[in-house]
There are 2 protein chains.
Amino acid sequence: MLKLTKTVEYALISMNYIENNSNGKPVSAKSISDQFSIPEELLAKVLQKLVKYKMLESVRGPYGGYKIKTSTKNTNLVYLIESLEGPIGIVDCSISNDCSLLDSCNIKSPIDSINQNIKSVFEKTTLKDIIKGI
Amino acid sequence: MLKLTKTVEYALISMNYIENNSNGKPVSAKSISDQFSIPEELLAKVLQKLVKYKMLESVRGPYGGYKIKTSTKNTNLVYLIESLEGPIGIVDCSISNDCSLLDSCNIKSPIDSINQNIKSVFEKTTLKDIIKGI
DNA sequence: TTATATACGACTAAACTAGTCGTATATTTA
DNA sequence: TAAATATACGACTAGTTTAGTCGTATATAA
Ligand code: SF4
Ligand code: SF4
């Protein structure tokens with residue numbers, strides 16, 4: 001409950017590792033997977049999504065791999081998480097309005113408020129914070 | 001991801017409903033289950049846990065049910081959630097120290113900080129806030 | 001041309017969450 | 001004291017989500 005997914009953790013670990021081990025050269029999925037014992041195919045899919053959403057760029061072929069896009073170091077975690085996992089919300093109705101209790105629900109308003117506070121924690125944290133360590 | 005469980009939602013809905021429909025008399029699980037179309041046995045188990053952790057008190061037999069313990073209106077949501085679901089933590093290592101990456105992990109420190117911020121959102125919210133609506 | 005590495009979708013396994021069932025116990029009222 | 005009502009509690013099943021695997025295609029350096 002209230003957990004991040006491994007996908008998100010792998011993304012953050014990778015961004016940090018790439019930033020600190022790149023020197024301008026691309027870092028391969030394999031090298032990250034070795035370093036942290038993350039299943040290679042799984043990690044590759046995560047990195048590919050980060051490329052899709054412009055947080056990394058990729059270089060194919062031998063000596064290829066992934067590089068950080070410096071322009072996205074100010075990206076906040078809501079963007080990263082939602083890119084990987086879809087909308088953040090602590091209950092169904094904060095995402096989709098399809099809860100069957102919606103009409104009778106007596107806690108929606110305070111829950112919405114909590115949800116907003118949770119989101120703002122992730123909004124205030126940027127990739128820069130993760131890459132440096134706080 | 002980052003979702004509350006139905007158990008927690010049912011607990012909050014029930015506390016709110018009991019508070020506003022009690023008039024000193026106990027409110028039965030059945031009546032709450034009817035009102036919100038929550039499976040009766042499931043709800044009963046949730047309410048029983050709330051009794052176990054002193055947020056409700058129960059009255060057995062006909063005309064029985066559950067009453068709010070006024071002393072616990074200042075209870076915060078960390079206490080309620082952890083009573084029902086165990087320790088709150090956005091990653092494994094914020095709960096149990098048994099992550100296999102613990103030694104090599106390069107994001108533990110910033111993640112710990114985020115985790116603390118998330119917990120404090122729930123710490124700052126009390127049952128009073130939920131019962132009234134914010 | 002070969003080896004390396006990303007790209008992408010389909011599939012399986014494992015874990016967690018939600019819901020059900022059966023039985024026991026307490027208490028009110030007739 | 002019998003019957004009806006309602007909580008107490010543990011075991012079990014079903015459903016959903018998360019994690020991980022596999023197969024195939026494509027790009028590129030040497
Ligand atoms: S409407 Fe109420 S019960 Fe349904 S998801 Fe929202 S908060 Fe939860
Ligand atoms: S040690 Fe790192 S990888 Fe493991 S749970 Fe903690 S933050 Fe996640």
Side-chain angles (χ1 to χ4, degrees), chain A residues 1-11 13-14 18 25-34 36-53 56-67 81 84-92 95-96 98-101, chain B residues 1-11 13-14 18 25-34 36-53 56-67 81 84-92 95-96 98-101:
Chain A
M1 208 199 95
L2 290 173
K3 280 249 172 68
L4 298 179
T5 59
K6 287 293 175 191
T7 292
V8 170
E9 285 199 70
Y10 294 161
I13 288 171
S14 298
I18 293 169
K25 286 176 232 155
V27 176
S28 72
K30 182 87 175 62
S31 72
I32 302 173
S33 138
D34 284 350
F36 299 101
S37 309
I38 299 170
E40 196 181 340
E41 296 84 358
L42 183 51
L43 179 63
K45 285 206 304 190
V46 175
L47 298 174
Q48 282 154 29
K49 268 201 172 176
L50 293 176
V51 170
K52 182 175 174 193
Y53 289 97
L56 290 177
E57 52 190 43
S58 65
V59 179
R60 289 187 170 200
Y63 302 96
Y66 299 88
K67 295 198 283 189
I81 292 173
L84 294 170
E85 304 285 4
I88 293 175
I90 60 170
V91 291
D92 290 344
I95 294 173
S96 72
D98 68 354
C99 174
S100 61
L101 301 194
Chain B
M1 207 198 98
L2 290 171
K3 279 249 172 69
L4 297 178
T5 59
K6 286 293 174 190
T7 292
V8 170
E9 285 198 71
Y10 293 161
I13 289 171
S14 298
I18 293 169
K25 283 178 233 156
V27 176
S28 71
K30 183 86 174 62
S31 72
I32 301 172
S33 138
D34 284 348
F36 300 98
S37 310
I38 299 170
E40 195 181 341
E41 297 83 358
L42 184 51
L43 180 63
K45 284 206 304 192
V46 175
L47 298 175
Q48 281 153 29
K49 268 201 173 175
L50 293 175
V51 170
K52 182 175 173 192
Y53 289 95
L56 291 178
E57 53 190 42
S58 64
V59 179
R60 290 187 170 199
Y63 303 97
Y66 299 88
K67 294 199 282 189
I81 292 173
L84 294 170
E85 303 287 2
I88 293 175
I90 60 170
V91 290
D92 290 344
I95 294 171
S96 72
D98 68 356
C99 174
S100 61
L101 301 194

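Here is how names work: the chains are called A, B, and so on, in the same order as the sequence lines, proteins then strands, and each is numbered from 1.
- Side-chain atoms of B:Tyr10 lie closest to C:dG19 of the nucleotides D:dT7, D:dG20, C:dG19.
- B:Ser28 has no side-chain polar atom (N or O) that falls below the 4.0 Å cut-off from OP1 or OP2 of D:dT5.
- The base of D:dT18 lies outside donor-acceptor range of the side chain of A:Lys3, with no N or O pair under 3.5 Å.
- The two atoms that bring B:Lys49 and B:Leu84 nearest to each other are NZ-O, 3.1 Å, heavy atoms only.
- Using modelled atom types, no side-chain atom of B:Ser58 and backbone atom of B:Tyr66 make a donor-acceptor pair closer than 3.5 Å.
- Atom pair B:Leu43:CG and D:dT7:P shows a separation of 9 Å (rounding to whole Å applied).
- Set against C:dT20, C:dT28, C:dA18, the side chain of B:Pro39 has C:dT20 as its closest nucleotide.
- The distance between atom CD of B:Gln48 and atom P of D:dA6, rounded to the nearest whole Å, is 14 Å.
- Among the nucleotides D:dA11, C:dT17, D:dA8, the one closest to any side-chain atom of B:Lys45 is D:dA11.
- Considering only the side chain of B:Pro62, D:dA4 comes nearest among D:dA4, C:dA7, D:dT7.
- Contact annotation: side chain of A:Arg60 to base of D:dT28, donor-acceptor pair absent below 3.5 Å.
- Minimum heavy-atom separation, A:Pro87 to A:Ile95: O-CD1, 3.6 Å.
- Rounded to whole angstrom, the span from the CD atom of A:Glu41 across to the P atom of D:dT24 amounts to 14 Å.
- Looking at which nucleotide of DNA chain C each of B:Thr5 and A:Lys52 is closest to, the 5′-most match is held by A:Lys52.
- B:Thr7 has no side-chain polar atom (N or O) that falls below the 4.0 Å cut-off from OP1 or OP2 of C:dT17.
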CA sep, side-chain torsions, deciding dist, call: B:Glu9, A:Leu101, side-chain contact (heavy atoms from CB on, under 4.5 Å): CA-CA 11 Å; B:Glu9 285 198 71; A:Leu101 301 194; over 6 Å; no
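- A straight line from CD1 of A:Ile38 to P of D:dT18 spans 18 Å, rounded to a whole angstrom.
- The separation between A:Tyr66 atom OH and C:dA7 atom P is 4 Å, rounded to whole Å.
- Rounded to an integer number of Å, the gap from CE of A:Met1 to P of D:dT17 is 16 Å.
- If you measure from atom CG of B:Leu42 to atom P of D:dC12, you get 18 Å, rounded to the nearest angstrom.
- Between the CG atom of B:Leu4 and the C1' atom of D:dT17 there is a distance of 16 Å, rounded to whole Å.
- Contact record, B:Val59 with B:Lys67: CG2-CE, 4.4 Å, taken as the closest heavy-atom pair.
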